[in-house]
Amino acid sequence: MNIFETIQQQVQQAFPILFGNEIELNKITINETLKEFEGDVTLVVFPLLKLTQKKPEETATIIGEYLVKTNNNIASFNVIKGFLNLVLKDDFWVDFITKNQSNAITSKSATILIEYSSPNTNKPIHLGHVRNNVLGYALAGIFKANGYPTFKANLINDRGIHICKSMLAWQKFGNGETPESSNMKGDKLVGKYYVEFDKHYKAEIEALIQTGKTKEEAEKQAPILLEAHAMLLKWENGNAEIVELWRKMNAWVYAGFDITYKNLGVDFDKYYYESNTYLLGKDMVEDGLKKGVFYKKENGSVWIDLSSDGLDEKLVLRADGTSVYITQDIGTADLKYNDFHMSRSIYVVGNEQDYHFKVLKLILQKLGRPYADGIQHYSYGMVDLPSGRMKSREGTVVDADDLMDDMIAAAKEQTEALGKIEDFNEEEKQALFKTIGLGALKFFLLRVDPKKRILFDPKESIDLHGYTGPFVQYTYARTRSIWRKYQETQQATNAIATYTLHPAEKELIKVLYNYPIVLAESCKEMNPAKVVDYAYELAKTFNKFYNECSILAAEKTEEKAFRMQLNQRTGNTIKTCFAIVGIEVPERM
RNA sequence: GGUCGCGUAGCUCAGGGGAUAGAGCAACUGCCUUCUAAGCAGUCGGUCGCACGUUCGAUUCGUGCCGCGAUCACCA
């Protein structure tokens with residue numbers, strides 16, 4: 001229990017004695033004291049007045065006197081308007097550091113499965129997917145750090161009409177081009193043909209409109225689209241030639257994805273392939289038909305009516321018997337549960353699919369699946385460009401590989417200009433540039449509330465100063481540098497009898513003290529931005545301390561020893577925070 | 001049109017019933033013979049979209065309106 005909770009409970013317990021009334025715990029508002037006032041912990045007394053039947057100042061004074069008397073961590077109090085400010089003894093903060101107290105995380109039994117990344121094999125990974133990957137990885141890290149058995153799954157969307165589109169375009173216009181012959185990453189090559197398909201498709205629509213068809217008719221009747229549908233049917237019927245083509249092109253894409261994932265530093269415990277799960281979904285649709293959850297239309301297509309739940313009718317199987325997106329998701333859901341028996345199944349997917357996941361959850365609930373209530377769509381905002389949305393089909397995307405290269409190049413330029421790493425060998429240099437470049441990129445994507453959309457302007461490169469990853473990394477490297485120097489000198493003893501804290505020391509300790517609180521909050525709210533923001537605040541506070549208090553040149557030996565402990569604690573906490581969300585930290589920069 | 005999300009400093013974002021609304025960027029000023037200046041300190045910058053309501057107290061909660069976005073496909 002932390003000091004805020006302790007005081008809150010203490011007040012609750014003493015309340016009947018002091019005022020003759022019981023009080024609910026949530027009426028007792030405890031905050032950190034604002035910096036401009038004297039004190040560490042603040043109790044807001046306004047909500048208590050009805051129960052105390054006394055004026056704010058009087059109420060605050062009674063509680064303040066009681067707490068100073070009974071809680072030996074509290075040194076004194078002051079009352080300003082309706083606020084009771086409690087000053088904690090320096091010993092409380094000093095002990096927190098020297099006794100290296102930290103609230104051990106209790107391990108939980110509820111298993112968490114996080115599905116993220118889930119790429120389509122018809123196009124390369126772009127900045128929007130990077131946000132997904134970085135968020136998913138960070139979220140899993142946060143659950144793990146809070147003691148949950150957590151697993152990461154990647155559902156590869158490797159079949160369907162969109163895959164057939166790139167296959168068809170390659171077959172028609174590719175002239176046998178391969179990643180080797182074109183010297184392109186496999187995912188890029190396949191993506192090129194996805195764009196190629198769209199170009200021809202649009203041209204055909206235009207031509208049909210010229211012949212007097214409506215836009216809607218034209219979109220449905222374009223020959224190349226009909227061909228793609230025919231190819232999908234062949235694929236589902238196991239046509240050898242098509243399946244062979246599909247295998248070949250998917251293998252190209254996976255080779256490309258592996259490189260991107262490795263550079264991004266994300267990983268997965270389990271891969272699922274929709275080519276293996278879509279049939280399962282079809283079986284479940286049959287089952288649902290029998291149960292009366294679904295119904296069949298005259299043309300043979302299968303639907304669910306969700307109008308009583310405030311949604312629309314939704315197609316779950318096409319008239320030609322092929323699966324749609326949701327059919328596959330229904331099937332995969334069952335498979336995941338059989339593998340993990342998770343209590344929570346989290347899908348990291350953009351907010352453009354809010355409706356889809358509402359429908360998915362409802363369908364699984366109606367089918368009576370035991371895991372349905374534990375399904376949660378982790379919905380995050382899109383990454384938009386100043387020109388609008390990124391669209392792979394139209395080629396208006398910021399490519400993930402290019403972006404990482406750009407970030408690393410920016411880190412290199414900046415680092416070399418500062419000239420601090422001349423003694424690094426080439427390998428060490430490359431590793432550092434990557435650490436910094438990716439740190440900047442990931443921090444940029446994580447610092448924003450996941451729900452909100454991000455505006456990314458490719459013309460303005462991501463900053464390396466201020467509220468950024470490299471700022472925090474730099475602070476870590478600084479603590480390591482001090483530690484190395486400290487080890488070279490003769491080391492002070494650890495014994496501290498009494499110690500009066502410098503304001504900058506106290507401020508830093510308070511931030512360090514909040515680490516477990518922030519970690520728990522970030523998990524409860526599923527918000528990696530909290531962790532990243534905390535790491536920044538910690539770095540910022542440390543830098544202030546560093547500027548005001550000399551560590552290695554401290555006057556007294558116990559001062560030096562104590563400050564070294566602050567240095568180490570800060571470094572470790574930064575490193576841990578960043579590791580949780582998937583950002584590396586350099587020993588020197 | 002229905003549903004969902006978002007409107008906070010010039011820009012990018014925090015805060016989420018409680019004290020004088022915070023950071024970073026941009027602009028300007030100081031601070032390296034002293035532990036890493038990718039830093040620190042400071043100046044400038046706000047009717048928290050608008051209105052009403054609930055409350056001792058609203059930027060925060062509720063309702064309505066305005067603006068932006070997403071979604072409501074035999075696309076994924």
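Residue numbers begin at 1 in each chain, while the letters A, B, ... track the order of the sequences.
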By nearest atom, which of the nucleotides U36(B), A14(B), A38(B) is closest to the D533(A) side chain?
A14(B)

Neighbours of RNA chain B within residues 39-53 of chain A, by heavy-atom distance under 4.0 Å
T42(A), V44(A), F46(A), P47(A)

Between F83(A) and G18(B), do the rings stack, that is, sit under 5.5 Å apart with planes less than 30° off each other?
no

Within less than 4.0 Å of OP1 or OP2 of U71(B), is there a side-chain N or O belonging to R389(A)?
yes

Under 4.0 angstrom, heavy atoms only, what part of the nucleic acid is I161(A) near: base, sugar-phosphate, or nothing?
sugar-phosphate

Euclidean distance, atom CE of residue M390(A) to atom C1' of A70(B) [Å, nearest integer]:
15 Å

With a cut-off of under 6.0 Å to the ring centre and 45° to the axis, is R478(A) in cation-pi contact with Y546(A)?
yes

Is there ring stacking between F471(A) and A38(B), where the centres must be under 5.5 angstrom apart and the planes under 30 degrees?
no

Pair W246(A) and Y273(A), ring centroids less than 6.0 Å apart:
no

Under 3.5 Å on both distances, the Watson-Crick or G-U partner of G10(B):
C25(B)

By nearest heavy atom, map D384(A) and K81(A) onto RNA chain B; which one lands nearer the 5' end?
K81(A)

Side-chain donor/acceptor contact of Y546(A) with base of U36(B) under 3.5 Å:
no

Neighbours of RNA chain B within residues 226-236 of chain A, by heavy-atom distance under 4.0 Å
H229(A)

Does a nitrogen or oxygen in the side chain of R318(A) sit under 4.0 Å from OP1 or OP2 of C75(B)?
yes

If you measure from the Lys or Arg side-chain nitrogens to the Asp or Glu carboxylate oxygens, is any gap between E559(A) and R563(A) under 4.0 Å?
yes

Provide the Watson-Crick or G-U wobble partner of A70(B), both distances under 3.5 Å; none if there is no partner.
U3(B)

Take atom C1' in U20(B) and the same atom in U33(B), then report the distance between them in whole Å.
42 Å

Considering only side-chain heavy atoms of K420(A), which listed nucleotide, A76(B), G39(B), U36(B), is closest?
U36(B)

With both distances under 3.5 angstrom, what nucleotide forms a Watson-Crick or G-U wobble pair with G46(B)?
none

Quick check: any donor-acceptor pair below 3.5 Å linking the side-chain of T415(A) to the base of A38(B)?
yes

